[in-house]
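The analysis underlying the following values was restricted to heavy atoms, covering all of them including side chains, and did not include hydrogens, waters or symmetry mates. We name chains A, B, ... by the order of the sequence lines, and we start the count at 1 in each one.
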2 protein chains.
Amino acid sequence: METETEEAELLALAQSFRSTLRHAVYLSRSMDSDGELSTMQMSTLSMAADAPLRVSRVAANLGIRVPSATEQIIKLEQAGLVSRQPDPTDSRAVLVQLTRTGRTTWEEVNRRRNARIAELLGRLDSRDRATLAAALPVVAQLTNHS
Amino acid sequence: METETEEAELLALAQSFRSTLRHAVYLSRSMDSDGELSTMQMSTLSMAADAPLRVSRVAANLGIRVPSATEQIIKLEQAGLVSRQPDPTDSRAVLVQLTRTGRTTWEEVNRRRNARIAELLGRLDSRDRATLAAALPVVAQLTNHS
DNA sequence: CGTGAATGTTAGGCTGCCTAACTATGGAAA
DNA sequence: TTTCCATAGTTAGGCAGCCTAACATTCACG
């Protein structure tokens with residue numbers, strides 16, 4: 001029964017994957033705990049850095065509900081990183097956009113976090129780095145499909 | 001300047017890695033939202049499944065503070081999945097161990113979540129699966145070193 | 001002994017998510 | 001035009017999970 005061993009291998013991989021997922025979450029949390037801005041807030045700024053967007057778009061991209069997005073956006077607004085303007089083409093909607101301070105802060109935090117991760121990755125030998133790099137798009141594929 | 005391009009590549013990889021990390025967290029959150037048990041609670045059960053252990057060990061392994069671990073453990077206790085016994089060798093300490101219900105529940109939830117991830121992984125072609133499998137230990141290495 | 005370290009628990013607070021209920025605008029159909 | 005439903009967002013209230021500070025108990029050592 002070829003399919004049975006395949007199934008077993010798949011389950012074994014799934015278990016390793018889940019375990020690694022925990023590690024990843026752990027790592028992500030430790031990134032957040034520099035106190036600056038949460039990963040979610042950084043993601044929000046990233047989106048707005050490309051172009052102004054609606055609250056509902058932010059919520060969808062973050063995978064959270066609209067009221068939760070509103071909450072986060074209001075915090076970013078109070079921190080002066082983001083502004084909320086009514087959408088001229090639809091006055092029900094609100095456009096979230098980066099302020100100048102928001103952009104510079106975002107760039108700087110981004111730089112710092114990239115450097116921190118780069119430092120971690122730098123400890124790997126180049127073979128491991130290549131392995132990791134190859135796997136990143138696969139993970140992206142996994143989450144996009146679901 | 002060879003080292004400069006290396007540095008730039010490392011930063012680029014770091015950026016991709018951070019982005020993928022977000023995806024991973026997203027995926028992990030969606031796993032949790034089946035309502036059953038949180039990933040952290042499952043991890044706690046996993047530890048206790050091996051052998052009874054102290055609250056402080058649970059906290060250390062989960063990367064949280066002792067009071068937070070106490071909180072989670074009490075919830076697991078109230079759910080009947082875990083029992084708290086004073087450590088016979090040190091009556092300050094508390095040993096967390098699985099109840100019979102705890103073990104069967106843990107096994108079943110584990111099975112279900114493995115199956116869910118396996119189903120996701122099954123959609124990948126075998127080449128991508130191999131790439132992913134190769135990268136898992138690298139990620140583990142990353143988080144252990146930090 | 002007695003004093004400082006170690007182990008947990010309790011109390012109180014914060015963040016981030018949720019649902020339900022509401023306001024206001026848009027759009028289409030009578 | 002007017003009515004009515006859908007869409008966009010906010011407000012209110014609640015819950016989970018983390019934190020620090022303060023505490024009780026036990027241990028271990030001088």
B/I117 vs B/L27 side-chain heavy atoms within contact, under 4.5 Å: yes
Could you tell me if the side chain of B/L81 sits less than 4.5 Å from the side chain of B/Q41, heavy atoms only? no
Would one find a side-chain N or O of B/Q72 under 4.0 angstrom from OP1 or OP2 of D/dA16? no
Atom-to-atom span, CD of A/E36 to P of C/dT15 - whole angstrom: 16 Å
Residue B/R65 excluded, over 12 heavy atoms near CZ under 6.0 Å: no
Provide, to the nearest angstrom, the distance between the CD atom belonging to B/Q85 and the P atom belonging to C/dG8. 14 Å
To the nearest Å, how far apart are B/Q78 CD and D/dA16 P? 11 Å
Taking only the side-chain heavy atoms of B/V94 (C-beta and beyond), determine which of C/dA11, C/dC17, C/dG8 contains the nearest atom. C/dG8
Hey, does B/L95 have a side-chain heavy atom less than 4.5 Å from the side chain of B/P88? yes
Under 4.0 Å between a side-chain N or O of B/S91 and OP1 or OP2 of D/dT25? no
What is the distance from CG of A/D87 to C1' of D/dG9, rounded to the nearest Å? 12 Å
Comparing nearest nucleotides in DNA chain C, the 5'-proximal residue of the pair A/A69, A/T89 is A/A69
Between D/dC18, C/dG26, C/dT9, spot the one nearest the side chain of B/E71, thanks. D/dC18
Atom CZ of residue position A/R129 - does it have more than 12 heavy atoms of other residues, nucleotides or ligands inside 6.0 Å? yes
Within residues 41-65 of chain A, which residues have any heavy atom lying less than 4.0 Å from an atom of DNA chain C? A/I64, A/R65
Would you classify B/V66 as touching base, sugar-phosphate or nothing, given that sugar-phosphate means primed atoms plus P, OP1 and OP2, and contacts are heavy atoms under 4.0 Å? base
Remember a base hit wins even if backbone is also touched, and classify A/D90 as base, sugar-phosphate or nothing at under 4.0 Å, heavy atoms. sugar-phosphate
Show your working on salt bridge (charged side-chain N to carboxylate O under 4.0 Å, His left out) between A/E107 and A/R111 and close with a plain yes or no. CA-CA 6 Å; A/E107 283 166 351; A/R111 237 193 317 275; 5.3 Å; no
C/dA6 base / B/R92 side chain donor-acceptor hit below 3.5 Å: yes
Gap between atoms CD1 and C1', on A/I73 and D/dT10 respectively (whole Å): 12 Å
B/I74 atom CD1 is separated from D/dG17 atom P, nearest whole Å, by 13 Å
Just wondering, are more than 12 heavy atoms of other shown residues or ligands nearer than 6.0 Å to CZ in B/R116? yes
Whole angstrom value for the distance that separates P of C/dG16 from CZ of A/R29: 14 Å
Measure from CD on A/E77 to P on D/dG9 and round the result to the nearest Å. 14 Å
Options C/dG16, C/dA11, D/dT11, nucleotide nearest the side-chain atoms of A/T70: D/dT11
